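Working notes for the structure below.
Heavy atoms only: backbone and side chains are in, while hydrogens, waters and symmetry mates are out. Chain letters run A, B, ... following the sequence lines, proteins first, then strands; residues in each count from 1. These numbers come from a predicted model, not from an experiment.
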2 protein chains.
Amino acid sequence: MSGSSAGRQRPATISDVAREAGTGKTSISRYLNGEMSVLSADMRTRIAAAIERLDYQPNQMARGLKRGRNRLIGMLLADLTNPYSVEVLQGVEAACSALGYMPLICHAANEVEMERRFLQLLTTYRVEGVIVNALGVSEDTLRPAGGGIPAVLVDRTVEGLAADMVGLDNIDAATRGTQHLLERGFTEIRFVVQPYEQVSSRRLREAAFHETLGRFAGEVHGETMVLDLADNASAEHTLVTLDRTIDTASDRLALFAANAPVALRIALHLNQRLGPRWTERVALLSVDDPEWAELAGVTAIRQPTYAIGYRAVEFLHERIEGGNAPARDCLLPGELIVRASTAR
Amino acid sequence: MSGSSAGRQRPATISDVAREAGTGKTSISRYLNGEMSVLSADMRTRIAAAIERLDYQPNQMARGLKRGRNRLIGMLLADLTNPYSVEVLQGVEAACSALGYMPLICHAANEVEMERRFLQLLTTYRVEGVIVNALGVSEDTLRPAGGGIPAVLVDRTVEGLAADMVGLDNIDAATRGTQHLLERGFTEIRFVVQPYEQVSSRRLREAAFHETLGRFAGEVHGETMVLDLADNASAEHTLVTLDRTIDTASDRLALFAANAPVALRIALHLNQRLGPRWTERVALLSVDDPEWAELAGVTAIRQPTYAIGYRAVEFLHERIEGGNAPARDCLLPGELIVRASTAR
DNA sequence: CTGTTAGCGCGTTCAT
DNA sequence: ATGAACGCGCTAACAG
């Protein structure tokens, strides 16, 4: 029965502090904004005391309204379930706290409609910019009210939108991954992806895969397999096809998963069907290096996720500050981590 | 060279719309707030047209300032790296969108100092309430400015703070987990935890473990092992001790991991030292059922994470709406999922 | 150095 | 049914 009794009192305002300190609001405002040199020593201590006594905390909303900037930036994530997203987020948060932003994180759960709604919501809160990692945002969604707010794309581009982008060097990564499989002598390879054809990173990875294989036409056989994780029946069907391929292939099959969620689904399935020694029957290589990859012995291409997130905020910051340079792409290299599953 | 040319234009305001529609701001405001019955049909269409033409979107900040509520709630997470957090988040997001809130997500990365800063930041943005899953927030951090804002605790209580709490029924879960190991005939068991002694869920799980073992005094030997994931040297040291225990124990050792991060570290270590068939030498049971548990055959106690997040928001909503009932605890049951690692 | 005044974009009386 | 005027908490001129 200490203080949690009745309805909470409303937070102190700048006027309360002014009254408490026996001065005008302006001086308080100056104090808050660090214009100390313009305040008498006496004034300073009185204000400090008043603030302390009232436990005053300036209202960011009011500040934002007045200044026209609220230090909020939006972060739209297609899929928080993907470890990639969480890792990128770490970089984003670090950069935000370094640059004085507060990220508003939105999770669209791989639904285009939610992406649209969140983007709308974010502009409604007048975020100063957005970092977008989405499935299907279209150009005009990102350019509401004519001007639009500064945006930085992560991992994937958006058709027709000239914005900064930062992500993995997909072509290099997929090429090296494929080469690794070729060097290990695999001759039957499947590239497995989710059915999001509009996602540029998916397309680039797939293209590089086929491009690299093309140089070995005849000797090596490769195909794309689509695994729809959002539709269990469809996924099961694909996996059955996969099983048949494994059983009938002339060589030990190699699988190149386009990202971690796909790799996980494959690993779970094979582990269930073939037992814990499934890697002896099938080789698995994955873009993304999830926490369980080491455990399962899965070869991976680790993305520089933290750097991607950090850099994205830096780019956005420049735009917010008025930077007007043409749109840039920042492609960071992946790191191939060879594990048991692709051993020969 | 379409529209992205010069500096972006500032978003339309309610006054712009009023002018465009040839009316007063008041009518626009009424329109926005759905008071249609008070507006003539003609007025309605004119306003709708004006809004459309200007692509007007009301400024939430200004609204919040005026109304005294901005529909923002804070979500403080101790560790986003823990899959538990992400899963809870899904429930939180679902409930938020159902109840019309926008969650401000903060990630404290297991640092008490960051928790304090984020909490402060959140009140600065005048969030209407907070959902807290933190390491070391103290009562007074959550009661700033006397009244404090409504708070709901997730997974763990805070010393001396009478707030709603929702989380796993830890005693039941840990008891059932321990019983499972006993039923399987293990006589050498270690309970492995991170060194956060102030976290109530950790203490409850550990207590239930020892309590349950106590009923078999003499026959079964159990101890707590502390694994500090934040300090690699220390963790390595602990794991070496663990190795020795495994090698010298009179029985096959059983490990009870207090959460997923701990279980992962253990699994990675054992896998490296003993090879992929490590589960034949050591049994592993974990609170939390991370995505890789099935793959590694690790027995797990799955938490109702989605429900926890959803319920937390519901509780918070009631408080925000003025609910004044005494603090409640909502303890949800876990589900034991038996896998190969605890087979005998 | 300090206080007064006027908005930022919006909702809300209170008239009309 | 509609609009004018005031104020939410704060900053930015402008005086003094």
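The span of DNA chain C lying next to chain B, judged by atoms under 4.0 Å from heavy atoms, is bounded 5' to 3' by C:dG9 to C:dC14. Contact footprint of chain B on DNA chain D: nucleotides with an atom under 4.0 Å from a non-hydrogen protein atom, first to last in 5' to 3' order, D:dA1 to D:dG9.
In this structure, B:L76 and B:V130 have side chains that are not in contact, with every pair of non-hydrogen atoms separated by 4.5 Å or more. With a 4.5 Å cut-off on side-chain heavy atoms, B:S27 and B:I47 count as touching. Annotation: side chain of A:Y125 is in contact with side chain of B:M61 (closest heavy-atom distance under 4.5 Å). Two residues are said to be in side-chain contact when any heavy atoms from C-beta on lie closer than 4.5 Å; A:Y101 and A:I320 meet this criterion.
Among all heavy-atom pairs drawn from B:A78 and B:A134, the shortest one is CB-CA, 4.0 Å. Shortest non-hydrogen contact noted between A:P150 and A:E128 is CD-O, 3.3 Å. In terms of heavy-atom proximity, B:N70 sits nearest to B:R126 at ND2-O, 3.1 Å. When all heavy atoms of B:R319 and B:A325 are compared, the pair lying nearest together is NH1-O, 2.6 Å. Across every non-hydrogen atom of A:L135 and A:N110, the tightest pair is CD2-O, 3.5 Å. Of all heavy-atom pairs between B:C96 and B:I73, the closest is SG-CD1, 3.6 Å.
A distance of 8.0 Å separates CZ of B:R63 from OG1 of A:T124, quoted to the nearest 0.5 Å. Here the straight-line distance linking atom CD of A:Q60 with atom CG of B:L65 works out to 12.5 Å at 0.5 Å rounding. Between atom CZ of residue A:R46 and atom CD of residue A:E20 there is a gap of 11.0 Å, rounded to the nearest 0.5 Å.
Across all strands shown, B:L39 has heavy atoms under 4.0 Å from sugar-phosphate atoms exclusively, and none from any base. The residue B:T26 sits close to a base: some heavy atom pair falls under 4.0 Å.
Salt-bridge check for B:R311 with B:D164: failed, with every basic side-chain N at 4.0 Å or more from each acidic carboxylate O.
Only A:R30, A:S37, A:V38, listed by number, bring a heavy atom of residues 29-38 of chain A to less than 4.0 angstrom from any atom of DNA chain C. A heavy atom lying under 4.0 Å from DNA chain D marks none of the residues of residues 40-51 of chain A.
Nearest-nucleotide mapping onto DNA chain D: of B:R67 and B:G22, the residue sitting toward the 5' end is B:G22.
Rounded to 10°, the helix from C:dC1-D:dG16 to C:dT16-D:dA1 has 40° between the axis fitted to its first five pairs and the one fitted to its last five.
Judged as a salt bridge (Lys or Arg N to Asp or Glu O under 4.0 Å), the pairs with a partner in residues 99-114 of chain A (not counting sequence neighbours) are, in order, A:E113-A:R116.
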